[in-house]
Engineer: 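Quick one: this structure, given as structure tokens, is what I'll be asking you about.
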Amino acid sequence: MVKRHKGVSYAKWGYIFSIPFAVAFLIFTLYPLAYTALLGFTDFDNIAAFMANEFRILDNPFENFQHLLFENQLFRLSMFNTFVIWILNFIPQMTLALALAAWFTRRRNKFRGQATFKMLFYMPNIITAASLAILFSALFMHPIGPINSLLQTLGFDWVNFTDRPWASRLIIVFIQFWMWYGYTMLIMIAGVLGLNPEMYESSEIDGANGVKQFFFITLPNLKSIILFMLVTSIVGGLGMFDIPLLFNDGGPVNTTTTMAVFIARQIQGNVWRYNIASAASMIMFAMVAILSVGVFHMLRDKDAVRLRKEEKALRRSIKAEGGAK
Amino acid sequence: MAEKTAVARIVKMFIYLLLIILAAMSIFPFFIMLVNATRSTPQIQQQAVSLIPSSFLLNNMRLLSDRGAFDALLGFRNSIIIAGGTTVLSLYFSSLTAYALTAYKWRLRQGFFTFIMAVMMIPGLVGAIGYARLVWQFELTNNFLPLILPAVAAPTIVFFMRQYLIATLSIDIVNSGRVDGANEFRIFNQIVLPMMKPAVATQAIFIFVASWNTLFLPRLLLINTDMFTMPLMVGLLNADIYRTEFGAIYLALSLSILPLFVLYFALSRYIIAGVQLGGVKE
């Protein structure tokens with residue numbers, strides 16, 4: 001934008017002002033990332049290595065990765081847990097968020113108290129996940145926690161939630177869902193409000209009702225935002241840590257141990273498996289990269305295809321016009 | 001037509017019902033928490049859900065401070081230092097980087113921006129193990145700096161600040177500063193940065209809250225309990241010494257959540273508007 005002023009070049013300031021970011025990025029992100037990648041190929045798995053910083057690259061550099069992917073039952077279980085918890089939370093979260101967004105952006109017959117509802121739905125998102133995990137473990141405590149006490153009042157038997165794998169998983173799913181649907185809803189509302197209102201106006205003239213508008217206008221036009229949310233949700237979901245760790249300590253019997261909890265467990269107490277923790281981190285990184293590149297690929301291709309189609313149509317119409325003359 | 005409106009009215013009533021249930025779901029856990037913070041453990045054991053606060057708040061407070069390492073004030077102080085430092089660094093240097101990306105034309109500009117976009121997708125977690133090891137090696141554990149300094153390079157914030165600058169930065173103002181003889185650094189500090197106030201204020205809330213809430217990295221880098229942040233302090237509540245003191249646990253949770261409640265209820269309008277900014281960046 002601003003290049004010259006009275007013959008002076010300011011370009012060097014672009015470099016100078018970028019230096020702090022670049023330096024901090026190299027030191028605090030890139031170098032640790034490369035170091036993590038390196039550790040994944042080594043035999044750094046004991047206190048001696050930790051104290052003396054002595055370790056070497058394994059004869060078979062991929063041994064840790066092979067071990068994790070093909071032999072380590074706990075890591076495979078943690079991958080399964082992570083995906084199950086993520087999917088079971090993401091689908092209802094997205095469904096509810098879309099429905100709420102459609103209701104809150106209705107053009108006629110509006111809902112009252114929308115601002116208050118939005119404020120309450122988003123609230124859990126900013127509360128410390130660690131506190132929420134412990135709050136829910138207190139709420140679901142047996143036999144005297146508030147939820148069990150409510151169950152008893154309603155005439156049911158109490159349930160030992162934290163002793164049952166699927167009950168524990170589903171409670172974590174619920175906490176994640178409860179924390180994030182408000183956020184997703186706000187993003188979707190912004191997306192709907194950003195759409196061209198003429199589409200809705202003309203469909204109203206054609207007699208379309210709210211349900212039809214939702215399926216034929218809102219949903220197709222929000223596709224790119226939905227895919228974007230999918231990516232951010234994958235990145236966040238695969239790194240899920242605080243809630244499974246503090247709700248039930250990854251239990252019962254590791255059935256809520258996620259990948260991040262697995263990684264943290266490799267280097268705590270008197271366990272020093274930096275190599276396994278690093279290799280697992282890299283596997284997680286690869287998963288995030290593959291999934292997000294896949295989604296972005298889907299996005300980009302569609303736009304490019306549409307552009308090409310439009311160009312073709314334009315050319316055809318120009319040709320037709322030329323032919324008519 | 002009358003039939004149609006009757007159906008619409010019933011549907012609307014059901015939606016209202018759902019909205020009220022969801023709202024209650026947002027309030028209920030916190031309500032139970034706050035009420036039980038004032039009740040004694042025997043009271044909670046007898047009846048876990050109560051709508052009426054009791055009189056054991058001070059008693060629970062005493063239990064909490066006598067029992068063990070959980071120290072809400074200390075956690076509060078440590079979290080304020082880390083989240084505050086992170087917020088200031090992140091805002092200043094992200095704005096500076098965004099300014100470099102919008103105000104000047106330099107050869108690597110587009111490449112640098114593409115790079116920032118690409119690294120935005122890297123989850124912070126993946127380099128954490130190597131980072132923790134390096135921090136150990138340089139004997140910087142139990143130090144707040146390794147948790148604050150990385151904030152200088154915050155790709156997401158740079159992205160937001162750049163969007164804002166593209167929409168608002170006027171070259172004429174920058175040039176008039178130059179005519180007055182101000183150097184580029186002063187122009188940024190005294191003219192551009194004050195102009196960015198709305199964006200800075202919105203991002204400040206999100207950076208602060210995000211930093212306040214993190215557990216993974218502080219858990220690896222802070223060893224002594226007197227250096228613990230709020231989420232780490234909360235993690236201590238799972239220890240056996242607290243297991244049986246329900247009133248004290250609810251009180252500790254309330255204390256850990258209270259600062260965020262205050263922040264949220266004071267600024268919720270701006271926070272919600274800020275979140276929705278994220279939805280239009282497409």
Side-chain angles (χ1 to χ4, degrees), chain A residues 1-3 5 10-11 13-15 17-18 20-21 24-25 28-29 32-33 35-36 39 53 103 117-124 126-131 134-135 138-139 144-146 149-150 183 186-187 189-191 194 224-225 235 239 241-242 246 260 274 277-278 281 284-285 288 292, chain B residues 15 19 22-23 25-26 29 32-33 45 47-49 93 96-97 99-100 102-106 109 112 121 123 125-127 129-131 133-134 137 149-150 152-153 171 174-175 178 184 209 213 215-216 230-231 234-235 237-238 249-250 253 256-257 260 264 268 272 275-276 278-280 282:
Chain A
M1 236 184 278
V2 190
K3 191 180 182 184
H5 176 69
Y10 290 101
W13 290 97
Y15 290 99
F17 286 171
S18 303
F21 181 96
F25 185 80
F28 298 112
T29 305
L33 195 64
Y35 198 62
T36 310
L39 288 177
N53 201 35
W103 293 330
F117 283 127
K118 276 192 219 170
M119 188 197 80
L120 287 174
F121 296 172
Y122 179 66
M123 183 176 67
I126 71 147
I127 306 296
T128 318
S131 300
I134 295 193
L135 175 57
L139 293 179
I144 39 117
S149 148
L150 282 180
Y183 170 81
L186 289 179
I187 299 282
I189 288 175
S224 65
I225 293 191
V235 175
F241 177 72
D242 308 13
L246 292 175
Y274 276 78
S278 298
S281 301
M284 198 163 109
F285 188 20
V288 169
S292 22
Chain B
I15 296 175
L19 295 180
L22 289 173
M25 246 164 56
S26 282
I32 299 268
M33 174 188 77
Q45 278 173 327
Q47 195 187 8
V49 183
F93 287 103
L96 188 68
T97 314
Y99 184 62
T102 27
Y104 304 104
K105 254 198 179 133
W106 36 297
R109 181 170 81 163
F112 188 52
M121 297 309 301
L125 212 74
V126 294
I129 300 299
Y131 188 59
R133 174 61 195 154
L134 290 167
Q137 228 171 307
L149 289 179
V152 172
I171 317 145
V174 176
N175 275 336
R178 283 172 183 161
E184 296 304 299
V209 171
N213 287 340
L215 180 67
F216 194 87
M230 208 53 132
V234 165
L237 298 172
N238 268 350
I249 288 182
Y250 283 113
L253 290 171
S256 80
I257 289 175
L260 290 170
Y264 188 62
S268 67
I272 284 171
V275 176
Q276 292 193 321
V280 285
E282 299 291 300

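These values consider heavy atoms only, across backbone and side chains, with no hydrogens, waters or symmetry-generated copies. Residue numbering restarts at 1 for every chain, and letters A, B, ... go by the order of the sequence lines.
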Engineer: Give, as side chain, backbone, both or neither, the part of A/Phe25 having an atom under 4.5 angstrom from any heavy atom of chain B.
Structural biologist: both
Engineer: Could you report the tightest heavy-atom contact between B/Ala100 and A/Gly14, atom names first, then the distance?
Structural biologist: CB-O, 3.4 Å
Engineer: Count the heavy-atom pairs under 4.5 Å between each of A/Gly239, A/Ala260, A/Ser131 and chain B, then report the option with the highest count.
Structural biologist: A/Ser131
Engineer: Which word best sums up how the rings of B/Tyr131 and A/Phe28 line up, parallel for under 30°, tilted for 30 to 60°, or perpendicular for over 60°?
Structural biologist: perpendicular
Engineer: Could you pull out the closest heavy-atom pair between A/Ile225 and A/Ile187, with the gap in Å?
Structural biologist: CG2-CG2, 3.9 Å
Engineer: Tell me which of these, B/Met33, B/Gln47, B/Met230, has more heavy-atom pairs under 4.5 Å with chain A than the rest.
Structural biologist: B/Met33
Engineer: What part of A/Phe241 gets within 4.5 angstrom of chain B, counting heavy atoms only: side chain, backbone, both, or neither?
Structural biologist: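 Answer is side chain: those atoms of A/Phe241 sit under 4.5 Å from chain B.
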Engineer: Quick check on A/Trp103 against chain B: is it the side chain, the backbone, both or neither that has a heavy atom closer than 4.5 Å?
Structural biologist: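 Answer is side chain: those atoms of A/Trp103 sit under 4.5 Å from chain B.
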Engineer: Without swapping roles, check the side chain of A/Tyr183 against the backbone of A/Ile126 for a donor-acceptor pair under 3.5 Å.
Structural biologist: no
Engineer: Using a cut-off of under 4.5 Å on heavy-atom pairs, state which of B/Leu125, B/Leu96, B/Val49 scores highest against chain A.
Structural biologist: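 Between B/Leu125, B/Leu96, B/Val49, the count favours B/Leu96.
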Engineer: At a 4.5 Å cut-off on heavy atoms, which part of A/Ser278 comes close to chain B: side chain, backbone, both, or neither?
Structural biologist: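 Both parts, backbone and side chain.
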Engineer: Heavy-atom distances under 4.5 Å only: say whether B/Ile32 touches chain A with side chain, backbone, both or neither.
Structural biologist: side chain
Engineer: Given heavy-atom pairs under 4.5 angstrom as the criterion, report whether the side chain, backbone, both or neither of A/Ser149 touches chain B.
Structural biologist: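 For A/Ser149, side-chain heavy atoms alone lie under 4.5 Å from chain B.
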Engineer: Most heavy-atom pairs under 4.5 angstrom with chain A, which of B/Leu253, B/Val209, B/Ile257?
Structural biologist: B/Leu253
Engineer: Between A/Pro32 and B/Leu134, what is the shortest heavy-atom contact and its length?
Structural biologist: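 Distance-wise, the nearest heavy atoms are CA-CD1, 4.1 Å.
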Engineer: Could you look at B/Ser268 and say if it's the side chain, the backbone, both or neither that has a heavy atom under 4.5 Å from chain A?
Structural biologist: side chain
Engineer: Just give me the residue among A/Leu246, A/Ile189, A/Leu150, A/Leu135 that pairs up with chain B most often, heavy atom to heavy atom, under 4.5 Å.
Structural biologist: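 It is A/Leu135.
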Engineer: B/Pro231 versus A/Asp242: any side-chain heavy-atom pair under 4.5 Å?
Structural biologist: no
Engineer: If you tally heavy-atom pairs under 4.5 Å against chain A, which of B/Ile15, B/Leu149, B/Thr97 wins?
Structural biologist: B/Ile15
Engineer: For B/Ser26 and A/Leu120, indicate whether the former's side chain and the latter's backbone hold a donor-acceptor pair under 3.5 Å.
Structural biologist: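 Between the backbone of A/Leu120 and the side chain of B/Ser26 there is a qualifying donor-acceptor contact (under 3.5 Å).
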Engineer: Pick one of side chain, backbone, both or neither for B/Phe216, based on which atoms fall under 4.5 Å of a heavy atom in chain A.
Structural biologist: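 For B/Phe216, the contact with chain A is made by backbone and side chain together.
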Engineer: Could you look at B/Val152 and say if it's the side chain, the backbone, both or neither that has a heavy atom under 4.5 Å from chain A?
Structural biologist: both
Engineer: If we count only N and O atoms by modelled type, under 3.5 Å, do the side chains of A/Thr36 and A/Ser281 hold a donor and an acceptor together?
Structural biologist: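 Short answer, no.
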Engineer: Could you tell me whether the side chain of B/Tyr104 reaches within less than 4.5 Å of the side chain of B/Tyr99, counting heavy atoms only?
Structural biologist: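 Yes, close enough: below the 4.5 Å cut-off.
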